[in-house]
Visitor: 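My questions will all concern the structure given below.
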Amino acid sequence: QVQLVESGGGLVQAGGSLRLSCAASGRTFSTSIMGWFRQAPGKEREFVATINWSAVVVLRTSHADSVKGRFTISRGNAKNTVYLQMNSLKPEDTAVYYCAARSGPQAPLTIFRDPHDYDYWGQGTQVTVSS
């Protein structure tokens, strides 16, 4: 099992920035693919960003078109932490943001955008952007 805990959400004005953190614990050796998703009220959970790594090397990152150029996913020096730096926030970015992890072998040529591709989820952190 892998446990994920998100932090860093909050209320920010449009144009502002937030950095979300996701701390993984448990059988973290079983996963090398993590992602961020978000879900606004009345909407389906949607892909935000994903990161693949092997040992200490980040193999690939990918971001949704809606956040490309504004959000950046990265892996922390602690190796069990993944971040989502969010800049130039817009009111439409308001949602609960979830961290997710996928277990199994590395797949550097694949971008996992479907929530069903992930096995473990955090509890979510609320991000609210005021206009």
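Scope of the values below: all heavy atoms of this structure, side chains included, with no hydrogens, waters or symmetry mates.
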Visitor: Any idea which heavy atoms bring F71 and H63 closest together, and the distance?
Guide: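 Of all heavy-atom pairs spanning F71 and H63, the closest is O-CD2, 3.3 Å.
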
Visitor: State plainly whether one hydrophobic cluster holds both V58 and V48, where clusters connect Ile, Leu, Val, Met, Phe, Trp and Tyr through side-chain heavy atoms under 4.5 angstrom apart.
Guide: yes

Visitor: Within the structure provided, determine whether R38 and V67 are in side-chain contact (heavy-atom separation under 4.5 Å).
Guide: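 Yes, close enough: below the 4.5 Å cut-off.
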
Visitor: If only atom types and distance count, is the side chain of T72 paired as donor or acceptor with the main-chain N or O of Q85 below 3.5 Å?
Guide: no

Visitor: Spell out, as yes or no, whether a donor-acceptor pair under 3.5 Å connects the side chain of R70 to the backbone of S88.
Guide: yes

Visitor: Applying the side-chain contact (heavy atoms from CB on, under 4.5 Å) criterion to Y120, which one of Q1, Q3, R27 satisfies it?
Guide: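 Result for side-chain contact (heavy atoms from CB on, under 4.5 Å) with Y120: Q1.
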
Visitor: Within a strict 4.5 Å, meaning less than it, do heavy atoms of the E6 and W121 side chains meet?
Guide: no

Visitor: State, to 0.1 Å, how close A64 and R113 come at their nearest heavy-atom pair, and which atoms those are.
Guide: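 That closest heavy-atom pairing would be CA-NH1, 4.2 Å.
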
Visitor: How close do W36 and C22 get, heavy atom to heavy atom, and via which atoms?
Guide: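 Minimum heavy-atom contact is CZ2-CB, 3.6 Å.
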
Visitor: Just by modelled atom types, is the W53 backbone N or O under 3.5 Å from a matching donor or acceptor in the Q106 side chain?
Guide: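 Answer holds: yes.
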
Visitor: What is the distance from atom CD1 of I33 to atom OG1 of T50, rounded to the nearest 0.5 Å?
Guide: 7.0 Å

Visitor: Using atom types as modelled and distance alone, determine if a side-chain donor or acceptor of D117 lies under 3.5 Å from a backbone N or O of F112.
Guide: no

Visitor: Answer whether the closest heavy-atom distance between the side chains of F37 and E46 falls below 4.5 Å.
Guide: no

Visitor: Does V129 have any side-chain contact (heavy atoms from CB on, under 4.5 Å) partners at least two apart in sequence or in another chain, and if so, which?
Guide: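 Only V12, A14, L89, P91, D93, T94, V127 meet the side-chain contact (heavy atoms from CB on, under 4.5 Å) criterion with V129.
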
Visitor: State, to 0.1 Å, how close C99 and M34 come at their nearest heavy-atom pair, and which atoms those are.
Guide: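 Looks like SG-CE, 3.5 Å.
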
Visitor: Between R102 and Y118, is NZ or CZ placed under 6.0 angstrom from the six-membered ring centre and within 45° of the ring axis?
Guide: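 Here R102 fails the 6.0 Å and 45° test against Y118.
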
Visitor: Any heavy-atom pair between the side chains of I51 and R75 that's under 4.5 Å?
Guide: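 Answer yes - side chains close enough.
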
Visitor: Could you state the interatomic distance from OG (S74) to CG (L84), rounded to the nearest 0.5 Å?
Guide: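 It is 8.5 Å, given to the nearest 0.5 Å.
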
Visitor: Indicate the atoms forming the closest heavy-atom contact of N87 with S17, along with that distance.
Guide: OD1-OG, 2.9 Å

Visitor: What distance do N80 atom CG and S25 atom OG have between them, rounded to the nearest 0.5 Å?
Guide: 8.0 Å

Visitor: Can any side-chain N or O of R60 pair as donor or acceptor with the backbone N or O of L109 at less than 3.5 Å?
Guide: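 Looks like yes, one N/O pair under 3.5 Å.
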
Visitor: Quick one, T125 with V96, criterion side chain to side chain contact (heavy atoms under 4.5 Å, CB included). Give me CA distance, side-chain angles, the key distance, then yes/no.
Guide: CA-CA 5 Å; T125 185; V96 177; over 6 Å; no

Visitor: Please lay out, stage by stage, how Y98 and Q39 fare under the test side chain to side chain contact (heavy atoms under 4.5 Å, CB included).
Guide: CA-CA 8 Å; Y98 296 91; Q39 188 165 20; 4.2 Å; yes

Visitor: Quick one, Y83 and I73 - any side-chain contact, counting heavy atoms below 4.5 Å?
Guide: no

